[in-house]
Amino acid sequence: MTWLLVAIGGAVGAPLRYLTDRAVQAHQGPGVPYVFPWGTFTANIAGSLLLGVLTGAAVSSPVHALLATGLCGALTTYSTFSYETLRLAETGRAFLAAAHVLASLLAGLGAVFLGAELAGGFGV
Amino acid sequence: MSEQEPRELPEPGPPSAPQGRVLAAVAAGGALGALARYGALVLWPAPGHGFPWTVFAVNVTGCALIGVLMVLTVERGRVTRPLVRPFLGVGVLGGYTTFSTYAADVSGLLVRQEIAVAMAYTAATAVAALGSVWAAAVATRTWLDRGGRPAARPAALDEGRTA
């Protein structure tokens with residue numbers, strides 16, 4: 001049962017990330033060159049915020065499997081995040097690459113804490 | 001033999017397949033990737049404290065695999081089927097690796113006052129993930145430059161690919 005819930009969450013989270021990425025890139029406009037990977041950044045921070053809420057709300061195991069492990073896990077990504085950082089570095093944008101990593105880490109961490117706080121704290 | 005340094009890499013634009021089929025491929029891949037990550041956590045459960053080794057390993061291996069995939073598809077066009085990148089890249093590897101669990105694990109370590117482990121985990125994941133995507137991309141390019149065969153040719157080693 002848990003496996004099914006994780007699969008369903010993953011089947012929703014990944015397309016949600018894809019659509020977020022497309023929407024953000026469309027918002028940037030077709031003539032705007034690919035500079036900062038805002039699409040993946042947005043999906044990663046949104047997923048971290050939601051996972052913070054789920055952690056703070058101390059949801060039941062099935063809900064955790066569906067929304068935390070499945071949906072948040074697939075909505076966010078480390079592989080595309082790393083590849084996009086590599087692209088920035090290899091195309092001579094070392095500063096942006098470093099800024100991308102630092103901004104993602106800080107915003108992701110902040111989003112988890114904010115989400116947990118909104119849902120009632122970490123409960124420690 | 002030696003190709004130019006890819007200063008301007010091809011942009012990973014939108015897939016050329018119809019939107020519905022792309023979304024289906026991404027969803028199927030996302031389910032498989034999430035299951036693979038969950039399976040790893042079932043095999044090697046997180047102890048609830050200390051360094052989250054399983055998620056660390058998941059993220060680092062996923063980053064190495066996307067390095068191979070993106071060179072084969074977007075960069076060199078060796079694999080051109082339109083649903084390969086949505087399924088394997090956006091779906092499977094995107095669903096397999098996770099940023100949210102990483103951020104939440106760091107938060108948990110900080111809340112439990114395991115400050116040194118939190119900092120070590122934050123830095124180690126970032127360095128290992130970026131190192132593995134870089135190493136995998138360079139290795140795949142080198143392999144393709146040699147004609148796609150793992151032949152021992154020392155000349156291919158000094159192409160000066162400084163990323």
Side-chain angles (χ1 to χ4, degrees), chain A residues 2-3 6-19 21-22 25 33-34 40 43-45 47-52 54-55 65 68-87 89-92 97 101 104-105 108-109 111-113 116 122 124, chain B residues 5-9 11-14 22-24 26-35 37-39 41-42 58-60 62-63 65-67 69-70 86 89-104 106-108 110-112 122 125-126 129-130 132-134 137 163:
Chain A
T2 306
W3 293 84
V6 170
I8 293 171
V12 174
L16 214 54
R17 168 166 38 82
Y18 173 76
L19 291 173
D21 191 39
R22 291 258 70 87
Q25 285 191 24
Y34 180 97
T40 306
N44 275 344
I45 304 315
S48 299
L49 182 72
L50 179 58
L51 186 54
L54 295 168
T55 306
T69 310
L71 191 130
C72 289
L75 172 61
T76 63
T77 173
Y78 220 99
S79 47
T80 305
F81 162 74
S82 293
Y83 178 73
E84 287 173 339
T85 304
L86 177 72
R87 277 183 59 88
E90 287 193 326
T91 50
V101 173
S104 296
L105 296 186
L109 204 56
V112 170
F113 274 110
F122 265 95
V124 173
Chain B
E5 180 75 28
R7 298 303 297 173
E8 280 304 321
L9 296 171
E11 289 196 16
V22 170
L23 284 175
V26 170
L32 287 176
L35 282 176
R37 173 165 39 81
Y38 178 66
L41 284 163
V42 168
V58 162
N59 279 335
V60 173
C63 288
L65 291 172
I66 207 163
L69 178 74
M70 294 306 270
V90 186
V92 174
L93 293 178
Y96 176 64
T97 61
T98 174
F99 191 88
S100 52
T101 308
Y102 164 72
V106 172
S107 311
L110 290 175
V111 168
R112 291 193 303 273
T122 305
T125 300
L130 293 171
S132 68
V133 72
W134 172 76

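Letters go in sequence order (proteins before strands), and every chain restarts at 1.
Residues A:G108 and B:F99 approach most closely at CA-CE2, 4.0 Å, considering heavy atoms. Residues A:G10 and B:A34 approach most closely at CA-CB, 3.9 Å, considering heavy atoms. Across all their heavy atoms, A:L86 and B:A137 have their closest contact at CD2-CB, 4.0 Å. When all heavy atoms of B:G30 and A:A14 are compared, the closest pair comes out as CA-CB, 3.6 Å. Shown here for A:Y78 and B:A129, the closest heavy-atom pair between the two residues is CE2-CB, 3.5 Å.
With a 4.5 Å cut-off on non-hydrogen atoms, B:S132 does not touch chain A at all. Looking at A:L19, the atoms closer than 4.5 Å to chain B (heavy atoms on both sides) all sit in the side chain, from C-beta outward. With a threshold of 4.5 angstrom between heavy atoms, B:V58 does not approach chain A through any atom at all. For a residue to count as touching a neighbouring chain, one of its non-hydrogen atoms must lie under 4.5 Å from one of that chain's; by this rule B:V42 touches chain A with the side chain only. For chain B, no part of A:T40 is nearby; none of its heavy atoms comes within less than 4.5 Å. Only the side chain of A:V101 comes within less than 4.5 Å of a heavy atom of chain B; its backbone N, CA, C and O stay farther away.
Atom OG1 of A:T69 is separated from atom CG of B:L35 by 10.5 Å, given to the nearest 0.5 angstrom. Summarising the geometry, atom CG belonging to A:L75 is positioned 7.0 Å from atom OG belonging to B:S100; distances are rounded to the nearest 0.5 Å.
Interface remark: of the candidates A:T55, A:T2, A:I45, A:T2 forms the most heavy-atom pairs closer than 4.5 Å to chain B. Ranked by heavy-atom pairs under 4.5 Å with chain A, the first of B:G89, B:G108, B:S107, B:C63 is B:S107. The most heavy-atom pairs under 4.5 Å with chain A, out of B:G29, B:G62, B:G94, come from B:G94. Per-residue counts of heavy-atom pairs under 4.5 Å with chain B were compared for A:A116, A:A111, A:S104; the largest is that of A:S104. The residue among B:V60, B:L41, B:T125, B:L69 with the most heavy atom pairs within less than 4.5 Å of chain A is B:T125.
At least one side-chain heavy atom of B:L110 sits less than 4.5 Å from a side-chain heavy atom of A:L109.
Residue B:T98 forms a side-chain contact (heavy atoms from CB on, under 4.5 Å) with just one option from A:T76, A:L51, A:T77, A:N44, and that option is A:T76.
Between the A:S48 side chain and the B:A103 main chain, no donor and acceptor come within less than 3.5 Å of each other. Panel note: side chain B:T97, backbone A:S79; a donor-acceptor pair is recorded below 3.5 Å.
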